[in-house]
K.L.:
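Just dropping this structure here.
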Amino acid sequence: MELQKPRGTRDFLPEEMERRRHIENRLRQVATRWGYGEIKTPTFEHIELFTLKSGDGILGEIYNFKDKGDREIALRPELTAPVVRMYVEELQRSPKPLKFFYFDNCFRYERPQKGRFREFFQFGVEIIGSSRPESDAEIIALAAEMLKSAGVKGDLHIGHIGIVRTLLKDIQPEDQGKIMRFVDKKDDKGLEAFLDQINAPDDIRGKLFRLIGLRGENAMHEVQELVGEIEAFKQFKVLLDLLDVYDVEYQVDLGIARGLDYYTGMVFEIYCEGLGAQNQVCGGGSYRLAQLFGGEDTQSTGYAIGFDRIMEICESKPEVSKSIVVVSFEDTRKEAIIIARKLRMHIATYLDVMGRKFKDQIAYANTIGASHVVIVGKNELDAGKVALKDMSTGKQELLSVEEVVDHISLTPISH
RNA sequence: GCCUGGGUGGGGUAGCUGGUUAUCCUAUGGGACUGUGGAUCCUACGACUCGGGUUCGAAUCCCGACCCGGGCCCCA
């Protein structure tokens, strides 16, 4: 094999593309019905956009290069930063909230694995201009709705960074960030060692460990005991109430931290079975990034769905669609083209381009699984008609082109 | 970056205790059948991932690279 695709990339054949489009359209439809508008940002951006957001640590996982004008360019590794950049650059004075969705490819230089590629696809949603519990709830409910529409069942875990941060308010901000990273990794030992190192008060330390271990039903009571009626707690409670109204199933999980500093409030992740180590299909939360990119401080909430991962586990298949093969003879090829043109206004229509004989054209119709064959022969044309043959029953009748269209659109597919 | 399993025509495989021309199935093109499909037969096409080593001789044994799968790290 002389040439092959770069590592971690994929070719999608028609059958696979049909499945992908089918799911993509469902997600699109949900987003549209919830009032979100589709946007598209460039495939590449200035590299600072991503280092500003995520730190220099991500450089090792980014596809970057210098262009001919000596600019440092990066293929986007995710889409939240570009969306916020777009907002700061041209939409700061637009009516709030802004509600966007996107579906695009992203690039990361990582070791490929199940559910992990170097070029992968994200379907994401952002609300810009609000991070009230109402928008947080809408975002989570929308995420749940999207996965449902794709036929994917997942476990939704919701946490709140604001609550954990309030507990740590007497600790240096940089140290807080480090603590959150240990929490995100669920690295209790590392966290303990770090708390020793910065001489964290015993009382904070004990509360922190209890807090990040909280899960499920009684978690909220214990949170209240640990931190009291603080603002973040009240907001979180409103959010959870609203989610009940949305009829969304969730689990409180204060151990979710999502590592990065710009997450400020609610954070959530959705996990699925059957994906091996890459079991997270969706992640998001409320954040503040606009200021970092030179805009006014703005609250936002959003998430991204790992499209390739849901494709891996979703069962849903597009319906088999009807198709026609127009079969002709040496002396009726031109008439066949004219008839095919008419049929193509209504249904997928194939025409022989291999110079095949009559019989082989029908055999071809059979191998591609066409539901019908339209026979254009001299006998039929003399009567001003064509013959429509149903490939599954083998039955054949003489019809005009218009009748063929009617006939096919009215008949369900037989198997 | 680390650990681990694996790479034989387009797909699926046999061979892999080294030894003629690498097996079989399937798919694809052409033909036998000149206006009716799935069958049959003929025919064509087509592979040992790459590089090095051991050997008289390597698909087979050894080493490295590349790629794929699984796990770790990471996961914005």
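Heavy atoms only: backbone and side chains are in, while hydrogens, waters and symmetry mates are out. Source: prediction; values computed, not measured. Labels below follow one simple rule: chain letters A, B, ... track the order of the sequence lines, proteins then strands, and each chain is numbered from 1.
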K.L.:
Go through the steps to decide whether A/Gln251 and A/Arg215 satisfy the test side-chain hydrogen bond (donor to acceptor under 3.5 Å, both in side chains), and finish with yes or no.
P.N.:
CA-CA 7 Å; A/Gln251 206 187 339; A/Arg215 302 278 186 287; over 6 Å; no
K.L.:
Any side-chain donor-acceptor pair under 3.5 Å between A/Thr301 and A/Ser286?
P.N.:
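The answer is no; no qualifying pair exists.
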K.L.:
Distance check, C1' atoms only: B/rU8 and B/rU60, in whole angstrom units.
P.N.:
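Going atom to atom, C1' in each nucleotide, I get 11 Å.
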K.L.:
Give A/Gly394 one of three labels, base, sugar-phosphate or nothing, depending on what nucleic acid heavy atoms sit under 4.0 Å from its own.
P.N.:
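If one applies the 4.0 Å heavy-atom cut-off, A/Gly394 turns out to touch a base.
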K.L.:
Distance between the C1' atoms of B/rC50 and B/rC66, in whole angstroms?
P.N.:
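Taking atom C1' in both B/rC50 and B/rC66, they lie 7 Å apart.
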K.L.:
Below 30° counts as parallel, above 60° as perpendicular, anything between as tilted: where do the rings of A/Phe194 and A/Phe182 land?
P.N.:
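Geometry flag for A/Phe182 against A/Phe194: tilted rings.
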K.L.:
B/rU36, B/rA76, B/rC74: which one has an atom nearest the side-chain heavy atoms of A/Tyr262?
P.N.:
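When the side chain of A/Tyr262 is considered, B/rA76 is the closest of B/rU36, B/rA76, B/rC74.
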K.L.:
Ring-plane angle category for A/Trp34 and A/Tyr246, please: parallel below 30°, perpendicular beyond 60°, tilted otherwise.
P.N.:
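Parallel, since the angle between the ring planes stays under 30°.
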K.L.:
Expressed as a whole number of Å, how far does the C1' atom of B/rA14 sit from that of B/rA59?
P.N.:
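It works out to 12 Å between them.
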K.L.:
Atom CG of A/Leu59 and atom P of B/rC74: how far apart are they, to the nearest Å?
P.N.:
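Computing the A/Leu59:CG to B/rC74:P distance gives 18 Å.
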K.L.:
Over 60° means perpendicular and under 30° means parallel, so tell me whether A/Phe101 and A/Phe123 are parallel, tilted or perpendicular.
P.N.:
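Ring orientation, 0 to 90° scale: parallel.
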K.L.:
Expressed as a whole number of Å, how far does the P atom of B/rU13 sit from that of B/rG6?
P.N.:
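Result for the P pair: 15 Å, nearest Å.
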K.L.:
Suppose we call a contact any N or O donor and acceptor under 3.5 Å apart; does that hold for the side chain of A/Gln361 and the base of B/rU36?
P.N.:
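Looking at the base of B/rU36, it does not pair with any donor or acceptor on the side chain of A/Gln361 (distance under 3.5 Å).
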K.L.:
Once you apply a heavy-atom cut-off of 4.0 Å, does A/Glu61 come out as touching a base, just sugar-phosphate, or nothing?
P.N.:
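A/Glu61: base contact, heavy atoms under 4.0 Å.
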K.L.:
For nucleotides B/rG1 and B/rG10, find the distance between their P atoms and express it as a whole number of Å.
P.N.:
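The answer is 30 Å between these two P atoms.
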K.L.:
How many Å lie between NZ on A/Lys114 and P on B/rC72, as a whole number?
P.N.:
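It is 13 Å, rounded to the nearest whole Å.
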K.L.:
Rounding to a whole Å, what distance do you find between A/Arg10:CZ and B/rC68:C1'?
P.N.:
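In whole Å, B/rC68 C1' and A/Arg10 CZ are 14 Å from each other.
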K.L.:
Mapping A/Gln396 and A/Arg108 to their closest nucleotides on RNA chain B, which lands nearer the 5' end?
P.N.:
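Whichever sits nearer the 5' end wins; that is A/Gln396.
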K.L.:
Measure the distance from CD on A/Gln4 to C1' on B/rG10 and round it to the nearest whole Å.
P.N.:
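Taking CD of A/Gln4 and C1' of B/rG10, I get 15 Å after rounding.
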K.L.:
With a 4.0 Å cutoff (strictly under), does any side-chain N or O of A/Lys357 reach OP1 or OP2 of B/rC33?
P.N.:
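A/Lys357 to B/rC33 OP1/OP2: no side-chain N or O under 4.0 Å.
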K.L.:
Does A/Gly355 reach a base, just sugar-phosphate, or nothing at all? Heavy atoms under 4.0 Å.
P.N.:
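Touches nothing.
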K.L.:
Rounded to the Å, how far apart are A/Glu110 CD and B/rA76 P?
P.N.:
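These atoms are roughly 10 Å apart.
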K.L.:
Any donor-acceptor pair under 3.5 Å linking the side-chain atoms of A/Tyr87 with those of A/Glu89?
P.N.:
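No, no side-chain donor-acceptor pair sits under 3.5 Å.
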K.L.:
Is any N or O donor-acceptor pair between the side chain of A/Lys359 and the base of B/rU36 shorter than 3.5 Å?
P.N.:
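Looking at the base of B/rU36, it does not pair with any donor or acceptor on the side chain of A/Lys359 (distance under 3.5 Å).
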K.L.:
Regarding A/Tyr262 and A/Lys53, is there a side-chain donor-to-acceptor distance under 3.5 Å anywhere?
P.N.:
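A donor-acceptor contact under 3.5 Å links the two side chains.
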K.L.:
In whole angstrom, give the distance that lies between atom OH of A/Tyr287 and atom P of B/rA76.
P.N.:
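Spelled out: OH on A/Tyr287 to P on B/rA76 is 14 Å.
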K.L.:
Using OP1 and OP2 only, check whether a side-chain N or O of A/Arg116 sits under 4.0 Å from B/rC74.
P.N.:
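It does not, given that no N or O in the side chain of A/Arg116 lies less than 4.0 Å from OP1 or OP2 of B/rC74.
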K.L.:
On the ring face of A/Phe117, is A/Arg10 found with NZ or CZ under 6.0 Å from the centre and within 45° of the axis?
P.N.:
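Yes.
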K.L.:
Taking atom C1' of B/rA76 as reference, at what distance in whole Å does atom CD1 of A/Ile47 sit?
P.N.:
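The distance from CD1 of A/Ile47 to C1' of B/rA76 comes to 14 Å, rounded to the nearest Å.
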K.L.:
Rounded to the nearest Å, what distance is computed from the CG atom of residue A/Asp360 to the P atom of nucleotide B/rG35?
P.N.:
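One finds 11 Å between P of B/rG35 and CG of A/Asp360, rounded.
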K.L.:
Could you tell me whether the side chain of A/Arg111 has a donor or acceptor atom within less than 3.5 Å of a complementary atom in the base of B/rC75?
P.N.:
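Per atom types, no contact qualifies.
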K.L.:
Contact class for A/Glu380 vs. all strands (heavy atom < 4.0 Å): base, sugar-phosphate, or nothing?
P.N.:
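Base: the residue A/Glu380, judged by heavy atoms under 4.0 Å, touches a nucleobase.
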K.L.:
From C-beta outward on A/Gln113, which listed nucleotide comes closest to its side chain: B/rG71, B/rA76, B/rU36?
P.N.:
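Taking heavy atoms from C-beta onward, the closest nucleotide is B/rG71.
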K.L.:
Could you please name the option among B/rC67, B/rG38, B/rA76 that lies closest to any side-chain atom of A/Tyr263?
P.N.:
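So the nucleotide nearest the side chain must be B/rA76.
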K.L.:
B/rG19 and B/rA65: how far apart are their P atoms, nearest whole angstrom?
P.N.:
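So the two P atoms sit 28 Å from each other.
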K.L.:
Using both distances under 3.5 Å as the test, list the Watson-Crick or G-U wobble partner of B/rC56, or none.
P.N.:
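B/rC56 is paired with B/rG19.
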K.L.:
Touch check for A/Phe50, heavy atoms < 4.0 angstrom, all strands: base, sugar-phosphate only, or nothing?
P.N.:
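No contact at all - A/Phe50 keeps every heavy atom at 4.0 Å or more from the nucleic acid.
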K.L.:
What does B/rG7 pair with, Watson-Crick or G-U, if both distances are under 3.5 Å?
P.N.:
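Check on B/rG7: paired to B/rC66, both distances under 3.5 Å.
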K.L.:
Heavy atoms only, 4.0 Å cut-off, all strands: where does A/Lys378 land among base, sugar-phosphate and nothing?
P.N.:
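Base contact - A/Lys378 has a heavy atom under 4.0 Å of at least one base atom.
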K.L.:
If I pick the P atom on B/rC61 and the same atom on B/rG15, what distance separates them, to the nearest angstrom?
P.N.:
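Each nucleotide's P atom is 13 Å from the other's.
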K.L.:
More 5' along RNA chain B: A/Gly115 or A/Thr367, using each one's nearest nucleotide?
P.N.:
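Counting from the 5' end, the first nearest nucleotide belongs to A/Thr367.
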K.L.:
Please give the distance between the P atoms of B/rG38 and B/rU28 as a whole number of Å.
P.N.:
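Looking at atom P only, B/rG38 and B/rU28 are 13 Å apart.
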K.L.:
Mind checking A/Ala363 for me? I need base, sugar-phosphate or nothing, with any heavy atom below 4.0 Å counting as a touch.
P.N.:
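Here A/Ala363 touches the backbone only, sparing every base.
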